[in-house]
Amino acid sequence: MNDSTHPLLHGLNAQQRAAVTTPAGPVLVLAGPGSGKTRVLTHRIAWLLTELRIPAWQVLAVTFTNRAAREMRHRLTDMLGDTSAREMTLGTFHAACVRILRREAEAANLAPNYAIFDSDDQLAVMKQVVKDMNLDDKRYKPRALLNAVSSAKNELIAPDAYPIHTYYDEIIARAYGHYQQLLRNSDGLDFDDLLMKTANLFRDNPLVREKYQRRYRNILVDEFQDTNMAQYVILKALGHEHQHLYVVADEDQSIYSWRGADYRNIRRLREDFPKLTQYLLEENYRSTQVILDAAQAIIAGNRDRTPKHLYTHQPGGDLLTLHEAYDEQEEAEYVAREIRALLRSGREPGAIAVMYRTNAQSRALEEALMKAGIPYRLIGGTRFYTRREVKDILAYLRLVNNPDDDVSFTRVINVPRRGIGAKTLEAVAAQARVQQGSLAKGMMALLHAGTLSTRAHNALLGFASMLKQWRTARENVTVAALIDHVVTDSGYEGYLRDGSDDGESRWENVMALRGAVSDVPNISLTDFLTEVALVADVDELAEEIDAVTLLTLHSAKGLEYPVVFLTGLEEGMLPHSRSMETLDDIAEERRLLYVGMTRAEERLVLSYAFRRGWGYYGSSEPTEPSRFLADLPDEVLGQRQGRRAPQSTPRASWSVGAWGQSSERTAPRPQPEPEYRTGQRVRHTHYGEGMIIESQMEGRDEMVTVMFSSGVGVKRLLAGMAPLEALSEH
DNA sequence: ATGATTTTACTTTTT
DNA sequence: GTAAAATCAT
């Protein structure tokens, strides 16, 4: 067969073609931004189905976000038709795991109707843990404990295997154990459990593992650099036997280490699959040469990466614009002004995206766009499903699906008020503890025993019988009808619609939720709740509209726009102040900027503000331009607008310099003395005690290399930024 | 048990 | 400045 005439390969370059038609076996495609990796992935799937005659149901394709999954399914439907696209398993890791765990609930020792706990629910449970264990919530912050537990789960560490080096570790281990116990009482799984339980299921149950190995004889993974240990173990369990594992990765776009992602999985893959074939996609089809040069200059500032030679056949292009605004309002007004000019010159709103580091930054932009009458759509941000009234209704529904869900039980037991107060609830909780069961079980036992006061008894009985009615109704009616029952019987409608405007708008949200259910006719309650838990953004469900897109740099990954605005490029914003403690943190922030820049096809506008509101109450502080801007070569910069060119202020203080040329460009300044010396003992608030291995001045910053005693290992820290203190000598 | 008042913490990124 | 949490009064 002549490859070039095959319709599937039409329009692909030699590298892409080789990657699409590679024979069966383990494959790693290293793909730069804009090199057509989604294209390669979809064409590979089509190739498997049409050329190698693989049945669609044997294909498992995993993406990182629901949006990417939807996009890929869309493309495959166009290429292969509805049936094939529907038959294959295509979704996020979490979605795939949910399906497997529901089907294999018995083998996994789970209730098939288990609840999925989102981050709010997780926090509620951890607060309960802190309470139960009589911990001081100032010293043991539920959030921090949750983070530790989440990392442990992502590393597949069980509570009794949690490594203990300090007393704090000891507390974490116990809190972890108790947390899991509470989840179990509720028949609930959190996001991390979905991965961990699946990995453990495959580890402990060879029959189930083999079943899925046979089922998913072809596994494809997008954004492999952002997989964590649990996800890697799942992939290995399924793919190692048949070796048909096809992954696409770009280490320069690894931006989820805070979620346990470990780009070293690429190295593990090479070790675990010695027969791995590698392909490199280096031709960029997205951006102009200017944009590409700028992005490469930024990413070149990171060490420990494989250098790539991205190239494009679109030479030249518009130079970048770098704009300094006075504050975030004026920055937003500048963006709005520029967008208006673009729209006047014939750009579609949908061709433009505005990106930022944190969701909070969208506010000023929204206001400016609204004032300018520019249509926009916001990705992420205030999420529909996290609104109070929506969560209340969902809690009722979750309780109908799984009465043992204690988080939902606690949420709605007295909303609207039905005379069940703290005291009654404490009695229920005490009974639940006695019988080691859920609150619902405790409630039923108390009602049976009849030991409560008449008032409390009747109030509880009313609630219990309502629940029972809905559970019966659920068998015969649609989810939408069930919502109608719930809001009427519980009095929730009357409670919300108290005549206030706020009440009416909240009621509209409840109706919007009902509308979202009706959009999918015949969806089961369990499926609906699963979807809501995993697709946390209602925008994901809304259809595409022609509007300017507002989104964080994280959610921008995988997308592309003719015109991109990157805003808030200041120290503390990007790199974010909470992410500049270690060199690894800063390297990841740099990758984030790289991801943002490489989204742009034709025009890239960078902006920062001279001062920015920080406090929670209007206070505004002067800022420094992002250190990364210093790495932009003059050749890619066109206008420098605004009151201050970034180079005009000396910025040696934040050039991490040894491997960027930036330090050469900055004025010399007196060298301060290092604060730490080799051999000195130190304490870090997160990492515990350690010893300085090396300390050196880099510009005005002191860079220390510290070996920590607990499982943390060696970290490179900026002495000025890290919460580090010297320990006195003995 | 509930409503009113005061206090406190909160914002990094997402499945 | 907001939302949740703690405290107080009814």
Side-chain angles (χ1 to χ4, degrees), chain A residues 62-69 91-98 116-124 127 131 137-138 141-143 147 150 153-154 189-196 198 223 226-228 230-231 254-261 355-363 379-383 385-388 411 413-426 453 455-456 459 530-537 540 551-558 568 572-581 585 588-589 591-593 595-596 612-619:
Chain A
V62 194
T63 60
F64 199 66
T65 63
N66 293 300
R67 197 183 46 220
T92 62
F93 269 102
H94 296 266
C97 289
V98 165
I116 298 172
F117 281 14
D118 68 16
S119 7
D120 283 353
D121 304 329
Q122 284 176 276
L123 194 60
K127 280 180 179 166
K131 216 187 232 165
D137 62 356
K138 297 275 185 320
K141 294 206 167 88
R143 270 252 159 64
N147 275 337
S150 173
K153 288 184 178 183
N154 287 329
L189 297 186
D190 66 18
F191 285 133
D192 303 314
D193 281 334
L194 296 175
L195 305 175
M196 183 172 75
T198 306
E223 309 281 10
D226 280 325
T227 53
N228 61 32
Q231 291 165 330
S254 159
I255 53 176
Y256 283 94
S257 70
W258 49 275
R259 232 175 73 183
M355 303 176 187
Y356 36 79
R357 175 67 230 265
T358 68
N359 282 309
Q361 289 168 263
S362 70
R363 205 176 178 140
I379 308 256
T382 27
R383 300 197 176 163
Y385 291 117
T386 63
R387 310 230 170 134
R388 196 198 338 140
R411 186 176 184 100
I413 179 74
N414 204 28
V415 177
R417 302 259 134 76
R418 45 177 76 91
I420 304 170
K423 215 153 187 187
T424 314
L425 202 54
E426 187 37 54
S453 72
R455 256 170 91 168
T530 301
E531 198 159 317
V532 168
L534 296 182
V535 184
D537 197 334
E540 302 259 15
L551 73 180
T552 63
L553 289 166
H554 279 91
S555 45
K557 192 165 70 162
M573 232 42 241
L574 188 77
H576 195 273
S577 52
R578 301 271 272 246
S579 259
M580 45 207 279
E581 204 183 288
D585 286 343
E588 182 150 317
E589 296 290 300
R591 290 195 292 270
L592 210 39
L593 175 58
V595 166
R612 183 169 295 274
W614 279 108
Y616 307 104
Y617 150 73
S619 77

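A, B, ... follow the sequence lines: proteins, then strands. Residue 1 opens every chain. Because only heavy atoms are used, hydrogens play no part in the values below, and waters and symmetry mates are left out as well, while side chains stay in.
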Fill in the blank from the handout: Dot-bracket assigned to DNA chain B with the 3.5 Å Watson-Crick/G-U criterion, [ ] for crossing and | for other-strand pairs, is ||||||||||.....
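Counting only heavy atoms from C-beta on, R259(A) has its side chain closest to dT15(B) among dT11(B), dT13(B), dT15(B). Of the candidate nucleotides dT15(B), dT14(B), dT11(B), dT14(B) has the atom nearest to the side chain of T552(A).
Contact of the I255(A) side chain with the L553(A) side chain is not registered, since no non-hydrogen atoms from C-beta on lie closer than 4.5 Å.
An aromatic stacking contact between Y256(A) and the base of dT14(B) is absent, as defined here by ring centres under 5.5 Å apart and ring planes under 30° from parallel.
Between L551(A) atom CG and dT13(B) atom C1' there is a gap of 12 Å when expressed in whole angstrom units. Going from atom NE2 of H576(A) over to atom P of dT14(B) covers 12 Å, rounded to whole Å. Between the CG atom of D118(A) and the P atom of dT15(B) there is a distance of 12 Å, rounded to whole Å. Nucleotide dT15(B) holds its P atom 18 Å from the CG atom of D193(A), rounded to whole Å. What separates CG of L195(A) from C1' of dT14(B) is a distance of 13 Å, to the nearest Å. Rounded to an integer number of Å, the gap from R67(A) CZ to dT15(B) C1' is 13 Å. Rounded to an integer number of Å, the gap from W258(A) CH2 to dT14(B) P is 6 Å. As a whole-Å value, the separation of N359(A) CG from dT14(B) P is 5 Å.
When each of D190(A), T530(A), L189(A) is checked for a side chain to side chain contact (heavy atoms under 4.5 Å, CB included) with I116(A), only T530(A) meets the rule.
Between the CG atom of D193(A) and the NE2 atom of H94(A) there is a distance of 11.0 Å, given to the nearest 0.5 Å.
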Please list, pair by pair, any protein nitrogen or oxygen found under 3.5 Å from a nitrogen or oxygen in nucleotides 4-7 of chain C.
from: dA5(C); atom 1: OP1; to: K127(A); atom 2: NZ; distance (Å): 3.1

Exercise for the section: Let me have a per-nucleotide readout for nucleotides 1-9 of chain B, 5' to 3', with B, S or -, counting only protein heavy atoms under 4.0 Å. Expected result: SSS-----S
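Evaluation of the ring pair (Phe, Tyr, Trp, His ring centres under 6.0 Å) rule for F117(A) yields no partner, not counting sequence neighbours. A search for side-chain hydrogen bond (donor to acceptor under 3.5 Å, both in side chains) contacts involving S555(A) returns T552(A), not counting sequence neighbours. In terms of the ring pair (Phe, Tyr, Trp, His ring centres under 6.0 Å) criterion, residue partners of Y256(A) (sequence neighbours excluded) are, by chain and number, F64(A), W258(A), H554(A).
Among the atoms of the strands shown, none is found under 4.0 Å from any heavy atom of R591(A).
In terms of heavy-atom proximity, K127(A) sits nearest to P142(A) at CG-CG, 3.9 Å.
Between the side chain of N154(A) and the main chain of D192(A), no donor-acceptor pair closer than 3.5 Å is present. A donor-acceptor pair under 3.5 Å links the side-chain atoms of N414(A) to the main chain of R418(A), judged by distance alone.
The number of heavy atoms from other shown groups lying within 6.0 Å of CZ (R259(A)) is above 12.
At a cut-off of 3.5 Å, with distance as the only test, no side-chain donor of S119(A) or Q122(A) sits close to an acceptor on the other residue.
Both S555(A) and K141(A) sit near DNA chain B, but only K141(A) has its closest nucleotide nearer the 5' end.
Between R591(A) and E588(A), at least one side-chain N (NZ, or NE/NH1/NH2) sits under 4.0 Å from a carboxylate O, which counts as a salt bridge.
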